[in-house]
Amino acid sequence: MAETGSSRREFLRWLAASGTGAALAGFLPGTAAAAADEIVVITRVTLIDGTGSAPRSDVSVVLVGDRIAWIGDARQIPETGGARTIDGRGKYLIPGLWDMHTHGADLEEIVPPLHLAHGVTGGREMWGYAENRATRDKIERGELLGPRLVVGSGIVDGPVTLLAPPVIQVSAEAEARAAVRAEKAAGAAFVKTYSYLGPEALRGVADEVRAQGLRFSGHWPYKVSHFEASDLGQHSFEHFFGVSIHCSSRRDEILARLKATPFDPAAPRDFFNLARKLEFESVSAYSPSAAWSYFGRLRRNGTWHSPTLTINRVVTQPAETHQRDPRLKYMPADIRESWALGIERFAPKTPSDIALQERYYQETLRLVGAAYDAGVGIIGGTDCLNPYTFPGSGLREELAFLVEAGLSPVQALKTVTGDAARFLGREQTSGTIAAGKEADLVLLDANPAADIRNVAKIDLVITRGRVLDRTTRRRMLDAVETAANRPPAAGTSARIQSLARRGCCC
């Protein structure tokens with residue numbers, strides 16, 4: 001035991017001498033002793049660090065507590081003094097993944113463990129309310145195992161809306177400003193805006209978020225062009241709604257028609273259906289010059305896109321496509337029932353509709369690639385808990401779709417690691433693998449740079465320095481399945497059932 005303690009102190013001194021003293025506060029000799037599992041060493045691994053750089057082989061990584069303490073050539077590392085050592089030979093280390101469009105974290109026995117078990121160590125919750133903010137706080141206090149959560153405001157929409165409570169409906173600038181202030185006071189990290197928000201109210205949101213030190217993201221507000229919303233400071237457009245229109249020679253005609261068509265309180269979905277019809281038609285009128293000016297404007301304004309290709313793929317396919325997915329065993333019965341009802345609202349039914357929506361989806365993929373090539377920021381997200389969009393594992397599908405759109409596997413990974421952190425303003429602490437950053441990591445058995453589908457081949461997940469090995473993750477998934485198959489009386493809330501049936505974002 002004396003030898004182990006001595007070698008541990010020597011190892012800590014070596015780390016301190018390597019310039020990592022800030023990461024070692026509380027662990028150096030002379031301070032309270034740390035438990036053996038508070039130091040983890042991953043040896044001789046191939047590193048894909050989330051910056052977009054090429055993979056680096058034969059690297060060792062040292063974690064101290066919940067931080068990365070050292071990264072370097074495996075040959076430099078001395079005897080580790082009894083620290084937990086993980087053999088990384090033949091394996092690939094990537095940053096923990098961020099799902100940048102998530103829902104339903106307050107379904108605590110289902111959603112947080114599904115994220116972590118599949119390597120998703122962070123999420124941007126796109127509909128904030130008291131329950132999921134409470135879940136975020138439990139995770140931060142260590143009372144619940146789950147991903148880091150950046151939780152937005154309640155959804156801010158116009159007086160006509162497709163949504164049910166807790167949507168926040170505003171019709172004028174003063175109401176919009178008050179909503180922003182109230183949501184900031186409630187703990188929102190950003191403001192989420194929605195499709196039927198009017199121009200005056202949108203300007204109120206934009207002005208007030210600047211005054212409050214926040215940003216706003218959300219849907220395309222139909223009565224305002226992407227150009228105008230981007231100029232007002234919209235940080236991201238979700239779901240790629242309206243992009244094919246803005247890249248079309250018919251752009252001005254279609255935008256004018258939408259602006260002139262009123263929202264009908266008695267039939268609020270009619271306007272959404274019209275907008276989708278015009279989107280499907282606009283792919284036949286693609287204009288390279290319109291696309292170039294559009295992507296350039298967004299790039300200059302710093303407006304990003306979150307295409308959520310996973311949900312877009314689901315809703316452009318026939319309803320029966322996903323109804324035998326084996327992952328359904330992890331979803332409560334009331335969610336499964338809601339999904340089966342909800343998909344009928346969106347899925348194409350006739351052969352002509354199926355062909356039309358398939359063409360639209362393929363054009364969406366092409367435009368995502370064009371946006372990325374033009375320098376528009378892209379962040380990967382799934383819109384999980386909408387129909388057949390699964391927490392955790394759905395992000396693997398999103399990455400595969402981004403590669404199908406033309407991104408390289410390394411570029412696709414960057415959208416949910418380094419780029420996600422930069423979008424969130426967390427690049428100093430998260431998103432890439434570097435000394436001093438948060439110890440959120442995924443160790444893979446195969447190379448994702450060669451085939452993005454290898455992100456599914458997980459050996460272990462590390463969240464806040466805690467190692468979730470294969471056995472632990474299997475137990476987590478078994479517990480989710482057990483929770484999902486309890487009687488409906490112990491199931492999901494009416495709010496989450498409503499989300500699953502109608503969709504928040506479609």
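None of the values given here were measured: they were computed from a predicted structure.
- Within 6.0 Å of CZ in Arg75 there are 12 or fewer heavy atoms belonging to other residues, nucleotides or ligands.
- Judged by distance alone, the side chain of Arg148 and the main-chain N or O of Gly122 form no donor-acceptor pair under 3.5 Å.
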Go through it in stages, so that I can follow the logic: the residues are His305 and Tyr372, the test is ring-ring contact (aromatic ring centres under 6.0 Å, His included), and I'd like the CA-CA distance, side-chain angles, deciding distance and then a yes or no.
CA-CA 9 Å; His305 268 296; Tyr372 190 87; over 10 Å; no
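- Formation of a donor-acceptor pair under 3.5 Å by the Thr321 side chain with backbone atoms of Gln317 is not found in this model.
- Closest approach of Asn312 and His239 over heavy atoms only: ND2-O, 3.1 Å.
- Applying the side chain to side chain donor-acceptor pair (under 3.5 Å) test to Thr46 and every residue at least two apart in sequence or in another chain returns nothing.
- Side chains of Ser53 and Thr51: a donor-acceptor N/O pair is present below 3.5 angstrom, by distance only.
- Of all heavy-atom pairs spanning Pro409 and Ala449, the tightest one is CG-O, 3.6 Å.
- For the side-chain contact (heavy atoms from CB on, under 4.5 Å) with Leu97, the lone residue among Thr415, Leu395, Asp440 that qualifies is Leu395.
- Arg313 forms no cation-pi arrangement with Phe401, by the criterion of a distance under 6.0 Å to the ring centre and an angle within 45° of the ring axis.
- Among Lys91, Lys457, Arg89, the one residue that satisfies the salt bridge (charged side-chain N to carboxylate O under 4.0 Å, His left out) test with Asp445 is Lys91.
- Side-chain N or O atoms of Arg215 include none that pairs as donor or acceptor with a backbone N or O of Phe190 at under 3.5 Å.
- Cation-pi geometry between Arg269 and Phe272 is met: the NZ or CZ atom falls under 6.0 Å from the ring centre, inside 45° of the normal.
- Nearest heavy atoms, Leu214 versus Ala188: CD2-O, 4.0 Å.
- Remark: side-chain polar atoms of Gln234 are paired, donor with acceptor, to backbone N or O of His219 under 3.5 angstrom.
- Proximity of a side-chain donor or acceptor of Ser430 to a complementary backbone N or O of Glu427 within less than 3.5 Å is not detected.
- Between Ser244 and Glu279, the closest heavy-atom pair is OG-O, 3.4 Å.
- Shown here is Arg366, whose CZ atom has more than 12 heavy atoms of other residues, nucleotides or ligands within 6.0 Å.
- With respect to the salt-bridge test (charged N to carboxylate O, under 4.0 angstrom), the residues Glu109 and Arg486 qualify.
- Residues Tyr360 and Arg276 have side chains in contact (heavy-atom distance under 4.5 Å, counting atoms from C-beta outward).
- Using a 4.0 Å cut-off between charged side-chain N and carboxylate O, Glu397 and Arg327 make a salt bridge.
- Side-chain contact check for Trp304 versus Phe237: every heavy-atom pair is 4.5 Å or farther apart.
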